[in-house]
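For the numbers below, each heavy atom of this structure counts, side chains included, while hydrogens, waters and symmetry mates do not. Since the model is a prediction, treat every value here as computed from it, not as a measurement.
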Amino acid sequence: MDKFPQRQPYRCLPMTIANAYGWELLSPVDFEAEWTGQHAKESIQIRCRDRAEKVQRLVSSHFGGGILTFHTGYLFQTEPDWELFATGPTNDPKDGVGALSGVIESHWLPFPFTMNWQFTRPGVVRWKKDEPFCLIYPVLRNVIEQAEPVVRSIDSNLELKQQYESWRDSRGEFLTGLRNHDADIVKAGWQRHYFRGQRVADGSAAEDHLKKLHPAKPVVLDDREQIDPAFTDRTAGSQTIAPSSYSSSGEGNGSGGRARPIVEKRPPANSLGKFVVHVGEQAARRPSSSEIAPPRASQAASLFICTTPRSGSTYLAQSLESTDVVGRPLEYFDPHFESNWRERLGIAADAEYLPKIRDVGSTANGVFSAKVLFFQLENLSRHVASATRVNDGASPDAWGRVFGPPKFVWLRREDKTLQAISWFRAGKSKQWHRYADVPATEQAEVPEFDSGLISYFKRKLAEYDDAWRAYFDRWKIDVLELVYERFVHDYQTTITRVLQFISPPKLETAKTPAPRYLRLADDITFEMLRRYAEEVPEELARTPLARSEANRLAAEGVKHFRANEFAAAEGKLRAALEWDGISVVLLQNLGAAIASQGRYEESLTYFHRAISINPTSAESFRNAALAFENARRWDEAEAHYRRAAELEPTAVPLRHCLTRLGKLRAQAELEAAVGGDPENVKA
């Protein structure tokens, strides 16, 4: 970096921070390795002019395939929940060979790991004494699995878009000035917005901007007892360990911008060094600046989505969060996962919990939101009571003192049986969500059917609904009630209702992107519903609302069908099926609407679902036969016609059906024989 004109690499702050990230292991000797290009272990030859014994303990050809293996000589240990990332020196490429990276479970590992490099071409590579061969730094376990990348249009965040456009325009003007040799711009040399942590739009400073990084110097213990004698017979190394850091001035040191070794003491020649990474309480729990919103003097309002499991609450919460004006409604008060929030946000004391949660759950306009399942209400109330010193932390007034004037949305699901089945499946398979923008990688496990457990879930869901209703009545809360079945079929209207109910600041800038989550209900769900109806028929009673909504939507669907508006009919019939998932008539009509649009294979799904619910329905078999016929699946069509005739001989003229089927089949075979040319068929 020092060799570049005007030391330009030092202007790249991300690079200089990365160069100081972690600690390097340095080679104790000069050596060279040559690869012939073959895959055998013997295809790599390692040579050293002196200290041959030491280089043998340091590096070898262990795997073949052009892989050069370094033995670190240290047993690495980290505290629980931390691992080590091992890779090659940052921003320091080496000609002819490339470092291979790995993540080591150093919180439990009782033996050392090796660092591997792979030749990129046949030839010779050389390491000098004190040249790094490995870089290590600690990382939190499972942090990648806990992260959820989201790709959004920049138009969904007008403030961010404005900041970006200000930077873009400024950058364009600066580059134009350089090309035109503008004196002031040429004198400035380069823009320093990122280096200074400065926003272009308003000149404000970014919070917690990092300009330098100072890793702790490793402490080498002189006491021989600190080196575990259990490893004295293991392969030993004698590397120096030093941080890859810069001086506080940012200047280089004449060695490509890397620091000189700061630890000179080495483990004894025939022992294994023990390198322990201690991550202090503050460092281990410190969140990144992107996780915590800046503190606000006051909160404009707050929104609480009161709900139950498998009610579509995540679907609603994600949709509202996408508007960027009603907070970030996540589950902050589940007692089982509170420790995750504490660790993520660096919360050490109870008194810090609500302020930190309020900040992270608020949007820039000061609106906070949270999703609360009923069994989380007690934990939320406990925190509020402690923070406000009131006797009853469940009081909406007390919530308002912490989060801002509260509004309540109650999202419930009408069909408790399907909700209980969804809870049962998700809990057993661990697949809670499916995303429209993420390809499915594998099919979730289908749990063994258990009607008793489904009945238990159904009773709990009913209890939760009753408990929420009692809570709203107790505190005389004006609640906006939403029903899942209506929400999923009238998405935009529902989101608009919620926004109008809350009336948040900057509502005029709110945008509602398309929903990201997909429904998980599928044929397996409805097969479980059918089995449940067989085993526990008394539990399947529909509410008056469900019956009336299903009948209304079904009637509208039939009306569209008779007017040959098949797509509209399909939409209404699908909506009706949400309210009554085991209606044979609904399934038959939906299948007919789909088949009328030429999607015969898809229509069979619904005809067969109707058959599975009522295996004695001749009409379902006849409809399926017609779909098979149009799909030119002749044998299956014939089998279904015969079964329909067996069930209702007078209603299904089997001879007529088979005669027509035979003619169609013969015509299709003739077309296939002559290459599909109609003129040849006529001839």
Side-chain angles (χ1 to χ4, degrees), residues 148 150-162 290-308 311-334 341 345 354-373 376-377 380 384 396 399-412 433 468 472 477-484 486-488 490-517:
E148 182 181 87
V150 177
V151 179
R152 293 179 183 162
S153 169
I154 197 172
D155 292 329
S156 66
N157 188 329
L158 296 182
E159 183 179 357
L160 177 63
K161 182 180 180 182
Q162 181 183 7
S290 63
E291 290 178 320
I292 300 179
R296 301 173 178 84
S298 63
Q299 294 295 123
S302 58
L303 165 68
F304 294 91
I305 301 175
C306 306
T307 189
T308 54
S311 62
S313 58
T314 302
Y315 183 44
L316 175 64
Q318 186 269 337
S319 301
L320 291 175
E321 181 182 356
S322 299
T323 67
D324 287 327
V325 295
V326 289
R328 301 180 180 90
L330 303 177
E331 292 181 41
Y332 302 113
F333 304 107
D334 190 322
W341 284 111
L345 302 179
L354 289 188
K356 290 287 185 72
I357 289 298
R358 181 194 60 208
D359 287 345
V360 80
S362 300
T363 37
N365 60 348
V367 177
F368 168 83
S369 60
K371 184 173 73 169
V372 184
L373 279 67
Q376 301 168 358
L377 179 60
L380 167 58
V384 171
W399 294 12
R401 289 167 58 184
V402 177
F403 303 108
K407 292 280 190 175
F408 294 84
V409 170
W410 182 23
L411 176 62
R412 63 183 185 84
H433 308 294
W468 274 126
F472 301 136
I477 294 173
D478 179 21
V479 62
L480 175 63
E481 184 175 347
L482 304 178
V483 177
Y484 163 83
R486 288 175 178 165
F487 167 41
V488 294
D490 204 352
Y491 170 81
Q492 194 64 55
T493 300
T494 303
I495 300 301
T496 301
R497 283 183 65 199
V498 176
L499 292 176
Q500 291 174 345
F501 176 71
I502 303 169
S503 298
K506 300 184 179 180
L507 175 59
E508 66 279 359
T509 66
K511 292 186 178 181
T512 309
R516 185 180 179 216
Y517 289 93

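R328 places a side-chain N or O within donor-acceptor distance of the main-chain N or O of S362, the cut-off being under 3.5 Å. Put simply, the side chain of W341 never gets that close to the backbone of D334: no donor and acceptor are under 3.5 Å apart.
Across L303, I477, L480, a single residue satisfies side chain to side chain contact (heavy atoms under 4.5 Å, CB included) together with F408, and that is I477.
For the residue pair S313 and T308, the shortest heavy atom distance occurs at OG-O, 4.4 Å. Smallest separation of non-hydrogen atoms from L373 and W468: C-CZ2, 3.9 Å. Nearest heavy atom pair, residue P396 against residue P406, reads O-CG, 3.5 Å. Of all non-hydrogen atoms in G404 and S302, the two that sit nearest each other are O-OG, 2.7 Å. Taking every heavy atom of both residues into account, V326 and P504 meet most closely at CG1-CG, 3.8 Å.
Ring pair F368/F403 is parallel by interplanar angle, where below 30° counts as parallel and above 60° as perpendicular. Under the 30°/60° scheme for interplanar angles, the aromatic rings of F304 and W399 are found to be tilted.
Between the side chains of K371 and T314, at least one donor N or O sits under 3.5 Å from an acceptor N or O.
Atom-to-atom distance recorded for R401:CZ and L354:CG is 12.0 Å, nearest 0.5 angstrom.
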